[in-house]
Amino acid sequence: MGRNRLQHQVACMRRSLFDQGFLDEQFIQLEELQDDASPNFVQEIVTLFYTDSARLIQNIEQALNNGPIDFSKLDDYMHQFKGSSSSIGAKKVTDECKVFREYCSAENAQGCIRTFQQVKQEYAILRRKLEVYFQMVRQADVAHTP
Amino acid sequence: MTVERAISEPKDQFPIGMRVLAVDDDPTCLLLLETLLRRCQYNVTTTSQAITALKLLRENKNKFDLVISDVHMPDMDGFKLLEHVGLEMDLPVIMLSANGDTKLVMKGITHGACDYLLKPVRIEELQNIWQHVVRRKKFDRKDGDNSGSQDKPHIDNGGAAGMGGVDQNGKLNKKRKDQNEDEDEEHDENGHDNEDPSTQKKPRVVWSVELHRKFVAAVNQLGIDTEAVPKKILELMNVEKLTRENVASHLQKYRLYLKRISCVANQQANMAAALGSADSNYLRMGPLNGLGTFHTLAGSDQLHNAALRSFPPSGVLGRLNTPAGLGMRGLPSPGMIQLGHVQNSGNTSNDQSKLQSFVIPGNHNANTLQGMPMSLELDQLQNNKGVSHIGELPTAANTTVFPVSGSLMDARISGCSNNPLLGVTSNSLMLEGSSQQTTLHPSNLRDSVSTMGFQNGNTLSDFTSIATASNQLQCSKADLQCQASPTSCNAGQIIRSAPPEWNAPYHSNVMCCSINSSIPVNGAMVPLGQCLDQNNPNFHRNMDLDSIAPSNFVDPISLKRSEGFNSAMEPAVIQKEGYFQPRPQGGYNVGSLEDLASAMMKEGPDTRKLADGDFGCNGYSHRTCI
């Protein structure tokens, strides 16, 4: 039963994502919203998140590296980023965003820069993991459909 | 809530198919929101731009039942959109944000949001949003019934009551009318909870831009704070099928809006003026006649009415065509704007600055005259049911939530932030406060708030207004509290006896626009919550008083007194002094208040429950009130 094994792997990976704190219950909400009407909802929304957040990350990068830092603008960007990352349940990423915003309100440039590196790192890790995860899901599904 | 269904659309599958317009610039969140809403079986339209949203709404006013909007958007501030929708279309609006800061929540309330959700949004929260639509519908129908409904959210009652409710309302209205002056219509929003609108369904009036313009022209012509009574406005407008109630409720909203915007603008002006003119008659209770309390206020020295009057509402009213102008003139009206003057010229100046800063919180239109309009609103409110409108009572009942100056709202709201209940109480307070003090901003706010608070039974409305006010007024809150005493929730009763003294302490406090944080400061606010019990007018008041005295409640107000408002309402230290003083003097019977307060306190737990329920935004309150 390739399918069973695949499904089992999917389940294991999913659980580890939660256990390790990469995802939180918001992700479960997403999964619950997936149904026959929108069978790929979770993947769609996560993909949308990647696209949108790539833009935000770039903006933040620019704001941090070009000239004097505009903290309120940074805060705005990060606020948005935090909003969307929390909407998909990206726990670690959201947590780093919070730290970033604290440094931002304290106008601590170094703190912001450092934390932003963390944000990017967590974001990259999560992205990779989710890509693997979804790939497994697709494989299991394929194996599933006759 | 079982009734809602029955009440609103017996034939529909409501809330299934409810038409929601979702606005959020973040595509991820928008997609999530859309999916969640569809899962709730609502009919969803989405847009990522506020401007597009407004366009859609304007195209066909009856196309949507509810709007959900993000706060933080690039093309237009969510609060601004909220105001536009409230003013033009009178639809319930729910705000959405990743930021759950009390200040923001308060701002949302002040601007008229009927709920404030935090991201990420959960489906459970969305499953209940239809209540806001029902509530509004109910209120619309009721118009005229002031029945002081105890709590807004009593949808259940509404359905069942049906005719009976109506009758009762009618009677109540009469009573209120005597007390207040005339704004029954304005009540509709407030107290209808029980009355059963089904028997008298009224087609909802959509206030288009043109219609609103006519309205404003008529109001301007008559004089916003004196002659602009619904009947006359209606006559001047000469629009077919527009009822007096429609005009009345819209007027209420408008006044609130004016207040809000002028608050800030006025503050500055007022301060200056106030300094110059410690005109006790400032308050000119004119419109507030019904309120009674206003008169008292007028007497108080603090009324720097004159000063206030001089502040022409600058600019704020941008939206409302000329609200500022209108509002301001009228402002000197009792209670409202007192803030500026109260105390002494010295303070006023302080207040002014304070007001300014804080007034705006509610308004995204910084230039609104927040301070000023409040008075106007106040009057209105007072007459009405209880002023749910203060500032922006998003209260479901009052659909017209004008951007009333934040200041008032703040005062009230400050309380709210902590405690939804507080919001309500503050309203009452506010009203009272306003009447008494007529100070322009700080006090006004308060007054407005109180009046607002009292709106009958609309817990929500009170709440909202309070909330908004609280932010700003934090200080005012304190004031209100003191003043609020008379304002029991019952809509008609607005503060009658606001102790004149209040003005003084209020000034400083009121200014706390920043209330956001302050309000909750004390914890005392909590008692307010209890007070929220709409049914219990005393309750509200008491709470305030109580809190004030014990220093809990009024934090912002008292604190602010001496300081600039910025500190938002710090624990009522100052207030206590401030408040109490007026109490003995003013119509406020301290003793009675305290009794009330204690009585209320006892009821506390129960009341709270009610209050929560009433508010309707259960989720909201929990959430927002932090």
Side-chain angles (χ1 to χ4, degrees), chain A residues 23-57 59 72-91 93-95 97-98 100-102 104-105 123 126-127 130, chain B residues 16 22-44 46 48-50 68-79 95-105 107 116-127 364 514 516-517 619 623:
Chain A
L23 296 175
D24 60 22
E25 53 280 353
Q26 180 62 23
F27 192 80
I28 298 177
Q29 287 253 327
L30 297 183
E31 289 176 326
E32 284 175 1
L33 282 176
Q34 186 159 296
D35 58 9
D36 293 339
S38 26
N40 295 318
F41 175 68
V42 185
Q43 291 183 52
E44 274 172 20
I45 198 168
V46 170
T47 307
L48 191 53
F49 169 67
Y50 292 152
T51 323
D52 191 49
S53 53
R55 180 183 54 90
L56 278 172
I57 286 177
N59 287 345
S72 74
K73 207 167 184 205
L74 265 187
D75 190 69
D76 274 356
Y77 289 140
M78 195 42 90
H79 173 87
Q80 287 184 53
F81 189 69
K82 178 174 156 246
S84 42
S85 65
S86 66
S87 292
I88 64 153
K91 188 169 189 299
V93 176
T94 306
D95 288 345
C97 288
K98 287 185 190 156
F100 182 95
R101 290 189 79 207
E102 276 169 25
C104 215
S105 56
Y123 172 81
L126 178 69
R127 188 166 180 164
L130 283 179
Chain B
I16 291 175
V23 190
D24 193 336
D25 63 314
D26 184 332
T28 312
C29 298
L30 190 62
L31 176 60
L32 175 62
L33 186 61
E34 180 185 358
T35 313
L36 284 169
L37 289 169
R38 282 198 211 278
R39 183 54 71 87
C40 296
Q41 294 181 287
Y42 300 141
N43 184 315
V44 188
T46 61
S48 60
Q49 295 202 316
I68 297 187
S69 166
D70 185 31
V71 164
H72 194 269
M73 290 188 289
D75 63 335
M76 186 193 286
D77 184 20
F79 295 119
M95 302 305 294
L96 198 57
S97 177
N99 189 342
D101 194 32
T102 309
K103 241 190 288 199
L104 275 190
V105 173
K107 192 172 174 186
Y116 194 106
L117 305 179
L118 288 186
K119 285 183 188 173
V121 167
R122 293 191 324 275
I123 198 163
E124 297 81 26
E125 291 163 352
L126 292 177
Q127 273 163 346
H364 32 265
S514 43
N516 302 328
S517 46
R623 263 181 320 142

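Proteins come first, then strands; the chains are lettered A, B, ... in the order of their sequence lines, and each starts at number 1.
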Any sub-3.5 Å donor-acceptor pair from [X]'s side-chain atoms to [Y]'s backbone N or O?
X: Gln26(A); Y: Ser87(A); answer: yes
X: Tyr123(A); Y: Ile57(A); answer: no
X: Gln34(A); Y: Val42(A); answer: yes

For the candidates [options], which exhibits the highest count of non-hydrogen atom pairs separated by less than 4.5 Å from chain B?
options: Leu48(A), Val46(A), Asp35(A), Leu33(A); answer: Leu33(A)
options: Ser38(A), Gly83(A), Ser86(A), Gly89(A); answer: Ser86(A)
options: Lys82(A), Glu32(A), Glu44(A); answer: Glu32(A)

### Message
If you count heavy-atom pairs within less than 4.5 Å of chain A, which of Asn99(B), Asp24(B), Val121(B) leads?
### Response
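Looking at each option in turn, the highest pair count goes to Asn99(B).
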Does any heavy atom of chain A fall under 4.5 Å from the side chain of [X], the backbone, both, or neither of them?
X: Asp25(B); value: side chain
X: Leu36(B); value: both
X: Glu124(B); value: side chain

### Task
Over all heavy atoms of both residues, which pair between Gln29(A) and Arg122(B) is shortest? Give the atoms and the distance, please.
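The answer is OE1-CA, 3.8 Å.
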### Smallest separation among heavy atoms of Ser85(A) and Thr94(A), with atom names
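Of all heavy-atom pairs spanning Ser85(A) and Thr94(A), the closest is OG-OG1, 3.0 Å.
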Under 4.5 Å from any heavy atom of chain B - which part of [X]:
X: Leu30(A); value: side chain
X: Glu25(A); value: neither
X: Gln80(A); value: both

### Verdict with supporting geometry, Arg38(B) and Glu34(B), salt bridge (Lys or Arg N to Asp or Glu O under 4.0 Å)
CA-CA 6 Å; Arg38(B) 282 198 211 278; Glu34(B) 180 185 358; 2.3 Å; yes
### Task
May I have the step-by-step check of salt bridge (Lys or Arg N to Asp or Glu O under 4.0 Å) for Asp52(A) and Arg55(A), ending in yes or no?
CA-CA 5 Å; Asp52(A) 191 49; Arg55(A) 180 183 54 90; 2.7 Å; yes
